[in-house]
Each structure stands twice: as structure tokens, then as C-alpha cells.
*Asks:* 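Pasting a structure below so you can have a look.
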Amino acid sequence: MKKDFKRYTVTAALPYANGPLHIGHVAGAYLPADTYVRYLRLKGEDVAFVCGSDEHGVAITIGAKKEGVSPKAFVDKYHELMKKAFADFGISFDIYSRTSNKIHYDTAQDFFRKIDAQHLFLEETSDQYFDEQEGIFLADRYIAGTCPNCGHTNAYGDQCEKCGTSLSPKQLINPRSTVSGNTPVLKPTKHWYFPLDKFEGWLKDWLIEGHKSDWKTNVYGQCKSWIDQGLQPRSITRDLEWGIPVPREDGKGKVLYVWFDAPIGYISATKELKGADWEKYWKSDDTRLIHFIGKDNIVFHCIIFPSMLKAEGTFILPDNVPANEFLNLEGEKLSTSRNHAVWLHEYLVDFPGRRDELRYVLNSISPETKDADFTWKDYQQKVNSELVAILGNFVNRVMVLTWKYFEGKVPASHELPNTSDKRKRILDLYNLAHIDLNKSVAEMVKALEDFRFRDAQFHMMNLARVGNKFLADTEPWKLAKEDMEAVGCILNYALTVVGNISIACQPFLPDTARNIHAQLNMDASEVSKKFWKSQTLVEPVGAGHQLNPAALLFRNVEDTEIEVQVEKLRKVKAAKMEVSTTVIENPVKPLKEIVTIDDFGKLDIRVGTITAATKMEKSDKLLKLTVDSGLDTRTILSGIAKHYTPEEVIGKQVTFIANLAPRKMMGTESQGMILMAEDSDGKLRLLQPNEVVRPGSTVS
RNA sequence: GGCGCGGUAGCUCAGGUGGUUAGAGCGUUGGAUUCAUAACCCAAAGGUCGGGGGUUCAACUCCCCCCCGCGCUACCA
């Protein structure tokens, strides 16, 4: 089943260069990737660990505009910020590149040409909104207008942020360009599409059949769901200035859509890293390609990008995509825009020299199978009761004992058996511990191989647990009064355990590993290789070896320290509340264009009484209302299911448009439209006369 | 509404081709101990394995229905 791979290409999702990194990014992709890569390197594998900033797309241009800078200046800023945060945190990329590099432009364009030459792309001309004053086609995000769903007057062309509905620009009422403020016009434009549908059969073979058992269930299930729903051609170009130009004569003014160029960034980064040698890492069957991503990226990395690679024809495909779920913070979703986050660069300032603590905690709650929650209380508890109390304490007590009884020199491991019952007992305990430790090492390695880093770290910590127990059971401080040879034997082994911990913790706690190496005064490289090769305990320090003075590895996280952090989050929330209050105070939306009394007169608005109401089947939002309109009894569908139950609406009078052209929805015809008032929080309320009137009464 | 993933001790999670008293770490409580950052060690308490049906000699594990969380998706004239 498992192939014999000669080298690894490991990618971590390219972070989008429009904001800083937070712990959710770290826990989702970068920490697991880094842990895995460190493990691979320790095993002596040939690995290319690539990442970089994703710098194209409309969101960048919008962000740049908001800050009043060029897109290039905008991405420069965030690229540097993220690059520094990664470096400061110790994510060990072999290269952290960026998609605005020339090499990436060339790579992405070559990639496009290669597929284009096979005439695989579809071309399609469609009407898109065009801003005549600016002379540009407007991306969905650049168009604002009234949401057809909730009436929010500031909905974007791709989504209404108020009610969350996803939209297309043409659905917007009174569209306007957010660039110039003018009303855009529809104009034909040509775009290229990648025929994902043509890869359905192949995806079924490769993914659904081929990776049924080796991919995580959450990843596999999501992919299967997508494929089963049927795939559509996807547009791969945009009318935009910022991006990689479409390499075609007739592609002037158009760029590759960001999702198309971004994953190619992995390839560009590898070229930059390996030079002429890069193809080995992308085109050789004995290379294992692994993508580390968050769950939001599953469809791109498991379906779209592999299809692109397949279409190009000369590349290998990902062997595994161990996507993580999401991390929450104090019970709420992390949010860049709401500033509800623990920013990586801020953590590094607030907790200097405590990178491993964050690594440890994030890894121990890693959202491998479901969304997880980071709380500062939990952070404190895990650091204090696990890193400090179990790992740090074990290393410290062994060091202190060795200095106390042997002046910091590793004692000789004498032959002990048969000389006394006590010695025999020590030997038994030693054997037990040894078996336990080797078992933990084996399980740790197994977990690392399976991308179960949470579990792997647990088994690593088990080494310290067994070590503590070994000391408690053998009690060398008591024996010191009667049998120093036995004490030496015990401590010799305890030091062996410490040394092995320092080797085993390297993928998880790289700083701690170095700290222990320093205290043990050992050169880890050779024994480490042996350890990871044999996956059993090694002997890192021999008798007579001189240790350095003991130093504490970790210190307790004080209540005050986490209170500061919790307070920080609370303040952000409070500030946010204030902002939303001001929004409520100033909810007035811009006026729609002036209409005449004749325009108004075309509408036949009436009051009717709801005589029956049921929830529309198979719909979350629609209620099916039967309305006595005075003229007739008609059926009106209304998207108010989230605001009213059918029961509470029956018997109520409502205002509705009586002469609106009927429209079929979910197989039922709606004969009119119920008028609603929308509160500032998006809540919908029926518009009623303040006294009951006869059904059919007109409104004017 | 459809699809996917998940719902196991206070917390973080294991588990199982169905079969003795359902596991671990942390937390809690009690004990023991002093080499160690009131740490370590031992022990105990703590779960009707989301709810309800069904299949079976036997289900937490298989089947059906429902509820909750997260994500994707349809509907919102």
C-alpha cells in the first residue's frame, strides 16, 4: 500500500496577504506542517517545505484602496509582517516566497499556456458590469447595491454582509460602482473557464476510489460530497489590473483568477528554492506531495488543483491532504475583521521566549477531527500542569540530583543484579520503565506518520511521565545514604531518559530540545539520527560526561498574565459594541433615485389578511402564506421563516404588492410580495395598519 | 431542505470485524513523599458513550428516525 518515497514536497497553505496571522492559521496549517517537516528532516528525509504569501485578488485591491496605497505596497507590508511572524515563531519553511515574484508570473503563465495548448479551456462571453467613468470591469466585490433578500442598501455583488446571502451582481437592485459611485452598465466580456466537469470521472477514480482509506474522513467526505453534487466549469480569469496577465493575444486587461494562480505558487516557490533541481520535487513519481491546509481550502487542494495538475499532465498529485478543522477563541469564531483573535506577532511580544508553550498548547488542542476552542485559562493550565509540572520538573529534578550527588558528571551504570533485594527491585523497575518508554516512542512515531500530531505529542510527554514515575519508585535520594552505586545507576538511566526526551521533543518543542541539549552539554545530531531511525531509546550521554548547570525549562503562567490577555479580548469586544451602536444611531441609507408619482402609481399595494401559513417544504427561509386580499385568496411566498413561525403569523394583516408579476419558487408560484420593515439588526417585521382594515384596502 | 464531518467523564480526546466491571491525560478529592517550579508518586470519586426506536443471546459499536454543533449547498419578487 505504502509507496517507497525518496523525497517529500510539503506545502502549507499560502496565507492571504491582507492581514496578520493569528493562532487559527497556525493551528490549522502551519504548526502541523512544521511538526511533520521537522520529523521528516530528523529521519533524514529529503524534503522541500514551501510556502509564501498569496498576493493577488480583488480583496487585496480593495484593502489597498482603503489604506490609500498601491496593491504592491499593501502586499509588501503584509508579506513582510507574515514572513517575520513565521520566522520569529520558528516555522521552518525552506522558503517563504510570494506570488508577486516574477518567477511565479512565469510559472503561472506557463501553466496556463500548457493547458491552453491542449484547447482544454472553455471561452465564454457574458455581460458584466462595467464602470464607464473608470473604464474598468467591476469585480463582484466592487459593486454595491440593495440586497434583494433583506433590502440592505450596502450589499456587495458577491454577498450581502447583513443577511449573509451569497449574491451575483445582477441580483442587486440599484447597483452602483464602489470605485466611482456611478451606476455601472452591462457590457460583454470574454473569460476562460477550466472544465472541472470533464475531470469528474478521473476524480472518482483517483480520489473517491484511490484515497478512500488513507485520507482523513472529514477531507474525504467533503470531497465526495462535492464530486457527487456534480462539478461545473470554473472561471479562471478576471477583468482586473492586479494579478497575472492572461498570456493570450486576446487576454489583454485580464488576469488569472487568484485561485488559479495561488496553488501554482507552491511550484514557483520550489523553483526559487531548488533552481534547476525543482522538477524532482514536482514531477518525480517517487516524490510524496503533501498539502497542509485548513478545511476552507479542501476543495481547492483536493479537487481543483489536482485537476489542474492532471490537465497540465507532467506533475505528480498530492498523496495526502491532512486538512484541519477550525480553531475558535474563547468559544467564539476567530475573526480578522472583528479583531477577535490572538495575533501571532503580538503573542511573540507579550510572551517572549515562550514559543514552545504556544506550540504545545495549540498542538494539544489541534482541531484534527473537529473544531476546537482555545482559551487562555486552558493555555495556562496546560503550560503549568503539563509543561512545567511534568516535563520541566522531570528534567530539573534529574539535573539537580546529578549535581547534588555527582557534581554534574554522568554517573557510571554499574551492574546491579543479585546483590540485594533492593537492587533487584531497581532492576525490575528499570526494565518496566524501559518497556514503557520504547512503547511510547513507537506510538509517537506511528502517530507522526499518520498526521495525528496531538496524539504524537501526548506520547512524547509520556516519556517524562514514565521518567517521573521511575524516580518516585526508585527513590534515589533515599538510597544516597546507603548505596551510591545504585543511585548512580538510577541517575544514569534518568539522564538517558532526559536525553531521549530532548531528541523526541524536537518536532514539537524545538526550543526546549535545544535547551535540554545545552544543559546536558550534548551534541544531539548523531544520536538523534539513530533515535529516529531505530525508533527506540538511544544513549545520548555516557558515563563521566560533564553536564552544564541545571536551568528551568518553563515557568508557570501567572493568573495576571492571562487576565491581561482576556481583558484585551474583552476590550476589543466592548469597542466593537460601541461601533455597532453608532451604526444603529446612523442607519440611514442613501436615498434611491427619484421616482415620479406615476412610477409609484404603477404599484398596487394593498392590505390583506393571512388566513393560513405553513413552512415551505425543503426551504429554510420561505413561508407559504395564504392571503385574503379582498379580491381573491392567493398564495404568497415570503422569506420570513427565520423571523416568524407560521402560527404567529396567521390572522395577521399584512401589506403586500398585489400586482407584482407572479414568480415561481421551489415549484410554487408566489402571487405577490409581502412588505417588511427591516430593523437595524436585520430583523424583519410585518408592516401592518394600526387598526384592522377590510382586506383589499389599498395603500397610497 | 439536501450533502459532508462531529456529538464518549468538569476539560481535551482514545476506542471498537457488536461480547467480561467503557479508557487516557489534565482538573477535583484523599493519601504518601521531599530530589524537584506546593511540583512528582499512589488511590478514589466522576460517564444511562446526544435522544428514541429496531436487529441480536448481546450494541457505545450495525440499521432507521429525531435533536445539537461546524462546513458546503438550494430557496429569500
Side-chain angles (χ1 to χ4, degrees), chain A residues 147-151 160 163 165-167 171 173 216-226 228-229 295-296 298-299 323 325-326 328 333 361 364-373 375 377-378 381-382 384-390 392-405 452 454-455 457-459 461-462 464-465 467-480 487 490-491 494 550 552-556 615-623 636-642 656-657 660-668 670-676 684:
Chain A
C147 173
N149 175 38
C150 69
C160 173
C163 64
T165 310
S166 58
L167 302 167
Q171 291 177 279
I173 301 160
K216 290 171 62 171
T217 54
N218 57 336
V219 175
Y220 180 82
Q222 187 60 238
C223 293
K224 191 167 180 308
S225 172
W226 270 87
D228 288 348
Q229 276 173 43
K295 67 172 163 184
D296 52 329
I298 289 176
V299 64
E325 301 281 306
F326 286 150
N328 292 326
K333 272 184 198 179
V361 174
S364 72
I365 59 168
S366 183
E368 286 171 1
T369 52
K370 59 181 169 195
D371 290 358
D373 191 28
T375 67
K377 189 78 204 144
D378 202 39
Q381 196 173 77
K382 287 212 151 74
N384 293 359
S385 66
E386 296 180 31
L387 284 182
V388 174
I390 295 171
N393 185 229
F394 173 64
V395 172
N396 184 242
R397 61 201 298 210
V398 173
M399 291 297 295
V400 168
L401 283 168
T402 308
W403 273 98
K404 183 164 176 176
Y405 299 129
R452 291 180 290 111
R454 208 172 43 199
D455 205 30
Q457 182 173 259
F458 173 82
H459 288 297
M461 286 297 285
N462 228 18
R465 286 191 194 94
N468 273 321
K469 185 169 161 50
F470 178 68
L471 286 186
D473 287 347
T474 53
E475 298 177 304
W477 48 90
K478 278 189 180 165
L479 284 172
V487 173
I490 292 164
L491 287 183
L552 296 178
L553 291 174
F554 307 100
R555 67 176 175 80
N556 275 307
K615 205 167 171 314
M616 189 72 180
E617 239 175 81
K618 299 184 176 183
S619 166
D620 286 349
K621 297 178 184 171
L622 289 176
L623 286 190
I636 300 181
L637 304 184
S638 185
I640 56 173
K642 295 212 166 137
F656 67 99
I657 301 177
L660 195 70
R663 157 90 177 215
K664 213 173 192 181
M665 283 181 284
M666 316 257 340
T668 303
S670 177
Q671 300 156 314
M673 172 176 168
I674 306 287
L675 299 181
M676 309 292 298
L684 297 179

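In the text below, chain A, chain B and the rest are named by the order of the sequence lines, each starting its count at 1.
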*Asks:* Can you see if the side chain of A/Arg454 gets near the phosphate of B/A14 - specifically, an N or O under 4.0 Å from OP1 or OP2?
*Replies:* yes
*Asks:* Sequence neighbours excluded, which residues qualify as side-chain contact (heavy atoms from CB on, under 4.5 Å) partners of A/Gln222?
*Replies:* A/Trp226, A/Ile298
*Asks:* On RNA chain B, nearest-nucleotide positions of A/Gly221 versus A/Ser638: which is more 5'?
*Replies:* A/Gly221
*Asks:* What integer distance in Å separates A/Asp373:CG from B/G10:C1'?
*Replies:* 15 Å
*Asks:* Between A/Lys216 and A/Ala323, is there a donor-acceptor pair closer than 3.5 Å when you use the side chain of the first and the backbone of the second?
*Replies:* yes
*Asks:* With rounding to whole Å, what would you report as the distance between B/A59 and B/U20 at their P atoms?
*Replies:* 11 Å
*Asks:* For the P atoms, the ones on B/C13 and on B/U17, what distance do you get once it is rounded to whole angstrom?
*Replies:* 23 Å
*Asks:* List for me each residue that meets side-chain contact (heavy atoms from CB on, under 4.5 Å) alongside A/Gln229, sequence neighbours excluded, and say none if there are none.
*Replies:* A/Ser225
*Asks:* Considering residues at least two apart in sequence or located in another chain, which fulfil the side-chain contact (heavy atoms from CB on, under 4.5 Å) criterion with A/Arg663?
*Replies:* A/Met665
*Asks:* Measuring only the C1' atom in each nucleotide, how far is B/G23 from B/A9? A whole number of Å is fine.
*Replies:* 10 Å
*Asks:* The criterion is side chain to side chain donor-acceptor pair (under 3.5 Å); which residues satisfy it with A/Asp228, sequence neighbours excluded?
*Replies:* A/Lys224
*Asks:* For A/Ser364, give me all partners under side-chain contact (heavy atoms from CB on, under 4.5 Å), at least two apart in sequence or on another chain.
*Replies:* A/Lys382, A/Gln457
*Asks:* Please report, rounded to the nearest Å, how far the P atom of B/G1 is from the CD atom of A/Gln229.
*Replies:* 17 Å
*Asks:* Using atom P in both nucleotides, what's the gap between B/G51 and B/G4 to the nearest angstrom?
*Replies:* 22 Å
*Asks:* Are any side-chain N or O atoms of A/Asn468 and backbone N or O atoms of A/Ile390, one a donor and one an acceptor, separated by less than 3.5 Å?
*Replies:* yes
*Asks:* So which protein nitrogen or oxygen atoms get under 3.5 Å of nucleotides 67-71 of chain B's nitrogens or oxygens?
*Replies:*
from  : atom 1 : to       : atom 2 : distance (Å)
B/C70 : O2'    : A/Lys295 : NZ     : 2.6
B/C70 : O2'    : A/Asp371 : OD2    : 2.9
B/G71 : OP1    : A/Lys333 : NZ     : 2.3

*Asks:* Between B/U48 and B/C63, how far apart are the P atoms? Round to whole Å, please.
*Replies:* 24 Å
*Asks:* Which residues pass the salt bridge (Lys or Arg N to Asp or Glu O under 4.0 Å) test with A/Asp371, sequence neighbours left out?
*Replies:* A/Lys295
*Asks:* Determine: side-chain N/O of A/Ser364 to OP1/OP2 of B/C26, distance under 4.0 Å, yes or no.
*Replies:* no
*Asks:* Partners of A/Lys404 by salt bridge (Lys or Arg N to Asp or Glu O under 4.0 Å), sequence neighbours excluded?
*Replies:* none
*Asks:* Rounding to an integer number of Å, can you tell me how far A/Asp378 CG sits from B/C13 C1'?
*Replies:* 12 Å
*Asks:* Take nucleotides 33-43 of chain B nucleotide by nucleotide from the 5' end and write B, S or -, depending on whether a protein heavy atom sits under 4.0 Å from the base, only from the sugar-phosphate, or from neither.
*Replies:* -SBBB-SSSS-
*Asks:* Distance between the C1' atoms of B/A74 and B/C66, in whole angstroms?
*Replies:* 22 Å
*Asks:* List in chain and number order the residues that pass side chain to side chain donor-acceptor pair (under 3.5 Å) with A/Asn328, two or more places apart in sequence or in another chain; answer none if no residue qualifies.
*Replies:* none
*Asks:* Can you tell me how far C1' of B/C13 sits from CD of A/Gln457, to the nearest Å?
*Replies:* 13 Å
*Asks:* When the P atoms of B/G27 and B/G6 are considered, how many whole Å apart are they?
*Replies:* 30 Å
*Asks:* Which nucleotide wins on minimum distance to the side chain of A/Trp226, given the candidates B/G25, B/C72, B/A77?
*Replies:* B/C72
*Asks:* Just how far, in rounded Å, is C1' of B/A14 from CG of A/Asn462?
*Replies:* 13 Å
*Asks:* Would you please enumerate the stems RNA chain B participates in, each stem being three or more consecutive Watson-Crick or G-U wobble pairs with both distances under 3.5 Å?
*Replies:* B:1-7 with B:67-73, B:10-13 with B:23-26, B:28-31 with B:41-44, B:50-54 with B:62-66
*Asks:* What integer number of Å spans the P atoms of B/C64 and B/U55?
*Replies:* 15 Å
*Asks:* Given 3.5 Å as the limit, does a donor-acceptor pair link the side chain of A/Glu325 with the main chain of A/Ala372, or not?
*Replies:* no
*Asks:* Which whole-number value in Å describes the distance from A/Arg452 CZ to B/G25 P?
*Replies:* 18 Å
*Asks:* A/Arg663 CZ to B/C75 C1': how many Å, rounded?
*Replies:* 10 Å
*Asks:* Between A/Ile298 (CD1) and B/G6 (C1'), how many Å, whole number?
*Replies:* 13 Å
*Asks:* Taking salt bridge (Lys or Arg N to Asp or Glu O under 4.0 Å) as the definition, give me every residue that meets it alongside A/Arg465, ordered by chain and number, with sequence neighbours left out.
*Replies:* none
*Asks:* To the nearest 0.5 Å, what is the distance between CG (A/Leu553) and CE (A/Met399)?
*Replies:* 9.5 Å
*Asks:* With nearest nucleotide decided by heavy atoms, which residue, A/Ala372 or A/Met665, maps closer to the 5′ end of RNA chain B?
*Replies:* A/Ala372
